[in-house]
Enquirer: 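I'd like to ask you about the structure that follows.
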Amino acid sequence: MLGKFFKKPRNENDGRVPPGQYLTNGFPVMTYGRTPKIEREDWRLKVHGLAQEKEFTWEQFMALPMNNFTIDFHCVTRWSKLDVQWTGVKVTDFLNEIQIDPKAQHVMAHCYGGYTTNIPLNDFARPENFFAYLQAGEPLAQDHGGPLRLVIPHLYAWKSAKWLSGLEFLETEKLGFWELNGYHRRGEPFAEERYSN
Ligand SMILES: Nc1nc2c(c(=O)[nH]1)N[C@H]1C(S)=C(S)[C@@H](COP(=O)(O)O)O[C@H]1N2
Ligand SMILES: [Mo]
């Protein structure tokens, strides 16, 4: 009976905000270093490492199946933004276009400007992950990673590589930029995998 009256008020965001995060309505820009400027006609995405080498031009990439996505985005500096809308290509659809060596177990995302971030292949090859070129229906702003970025909704946003330029497949894990500088190798927000031990 008491429980009925003293229940914590239900809120539509219950269960969506990871521990230690607060909500923002804005869309902060989080970039280490300078912001690269890449024209679509100069842009390339290279697949290398333990995969058959392949390079995609903008035109080739845009010919892949497109989908809309609405996801929650969690930065390790403690802001979360719910229901961010994007358009782009599912990672699982992209993986159908390339040949990965069965020994590959990790992915390193490479970016124009030199940023890198590592992702276990199991976390990368999920149906909810995507490459975004539109945000809320508009071409992805340069600050937010245009022309194309990766989005990995179930990991902290530092894994969502902006200005994506390459995907390197690896057998053993290598660490990316923030992972070498103290961030967790995986970075799952609900487990608060913020820092490496
Ligand atoms: N290339 C590149 N990608 C990056 C970063 C960066 O500095 N360089 N910052 C990461 C971090 S820490 C976050 S929180 C998100 C922020 O994306 P936003 O600037 O679109 O909000 O991008 C991630 N991807
Ligand atoms: Mo971040």
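The chain is numbered in sequence order, starting from 1. Every number for a ligand or one of its atoms is a count from 1 in the order of the listing. The shown structure was predicted, so the numbers you read here are calculated from the model rather than taken from an experiment.
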Enquirer: Would you kindly confirm whether Phe69 and Leu140 end up in one hydrophobic cluster when ILVMFWY residues are joined by side chain heavy atoms under 4.5 Å apart?
Expert: yes
Enquirer: With a 4.0 Å cut-off on heavy atoms, is Ser160 touching ligand 1?
Expert: yes
Enquirer: Ignoring hydrogens, what is the shortest heavy-atom contact between Ala104 and Phe169? Give both atom names and the distance.
Expert: CB-CB, 4.0 Å
Enquirer: Could you tell me which atoms of ligand 1, counted from 1 in the order shown, lie closer than 4.0 angstrom to a heavy atom of Trp163?
Expert: 1 (N), 2 (C), 8 (N)
Enquirer: Is the contact between Lys159 and ligand 1 made by the side chain, the backbone, both, or neither, using heavy atoms and a 4.0 Å cut-off?
Expert: neither
Enquirer: I need the atoms of ligand 1 closer than 4.0 Å to a non-hydrogen atom of Trp79, numbered in the order shown.
Expert: 21 (O)
Enquirer: Could you tell me whether Trp158 approaches ligand 1 through its side chain, its backbone, both or neither, with non-hydrogen atoms closer than 4.0 Å?
Expert: both
Enquirer: Are the side chain of Thr70 and the backbone of Gln85 linked by a donor-acceptor contact shorter than 3.5 Å?
Expert: no
Enquirer: For Arg44 and Glu41, indicate whether the former's side chain and the latter's backbone hold a donor-acceptor pair under 3.5 Å.
Expert: yes
Enquirer: Under 3.5 Å between any N/O of Trp178 and any N/O of ligand 1: does that happen in this structure?
Expert: no
Enquirer: Which one holds for Tyr156 and ligand 1: side chain close, backbone close, both close, or neither close, with close meaning a heavy atom under 4.0 Å?
Expert: neither
Enquirer: Please list, in number order, the atoms of ligand 1 under 4.0 Å from a heavy atom of Cys111.
Expert: 1 (N)
Enquirer: Tell me whether Tyr183 reaches ligand 1 (any heavy atom closer than 4.0 angstrom to a ligand atom).
Expert: no
Enquirer: Keeping Arg40 on the side-chain end and Pro147 on the backbone end, is there a donor-acceptor pair under 3.5 Å?
Expert: no
Enquirer: With a cut-off of 4.0 Å, which atoms of ligand 1 are near a heavy atom of His144?
Expert: 18 (P), 19 (O), 20 (O), 21 (O)
Enquirer: Short N/O distance, under 3.5 Å, between Phe27 and ligand 1?
Expert: no
Enquirer: Evaluate Met30 for polar contact with ligand 1, using N/O atom pairs at a separation under 3.5 Å.
Expert: yes
Enquirer: So which of Glu179, His106, Glu173, Glu193 actually passes side-chain hydrogen bond (donor to acceptor under 3.5 Å, both in side chains) with Arg185?
Expert: Glu173
Enquirer: Is a side-chain donor or acceptor of Trp43 paired with a backbone partner of Leu164 at a separation under 3.5 angstrom?
Expert: yes
Enquirer: Just to be sure I read this right, does ligand 1 sit under 4.0 Å from the backbone of Tyr112, its side chain, both, or neither, counting only heavy atoms?
Expert: neither
Enquirer: Using the rule that two of Ile, Leu, Val, Met, Phe, Trp, Tyr join whenever any of their side-chain heavy atoms come within less than 4.5 Å, decide whether Leu150 and Met108 are in one cluster.
Expert: no
Enquirer: Take every heavy atom of Gly113, measure it against each atom of ligand 1, and state whether any distance is under 4.0 Å.
Expert: no
Enquirer: Please check this pair: side chain of Lys162 against backbone of Asp143, looking for a donor-acceptor N/O pair closer than 3.5 Å.
Expert: yes
Enquirer: Need the ligand 1 atom indices (1-based, order shown) with element for anything under 4.0 Å from a heavy-atom of Cys75.
Expert: 14 (S)
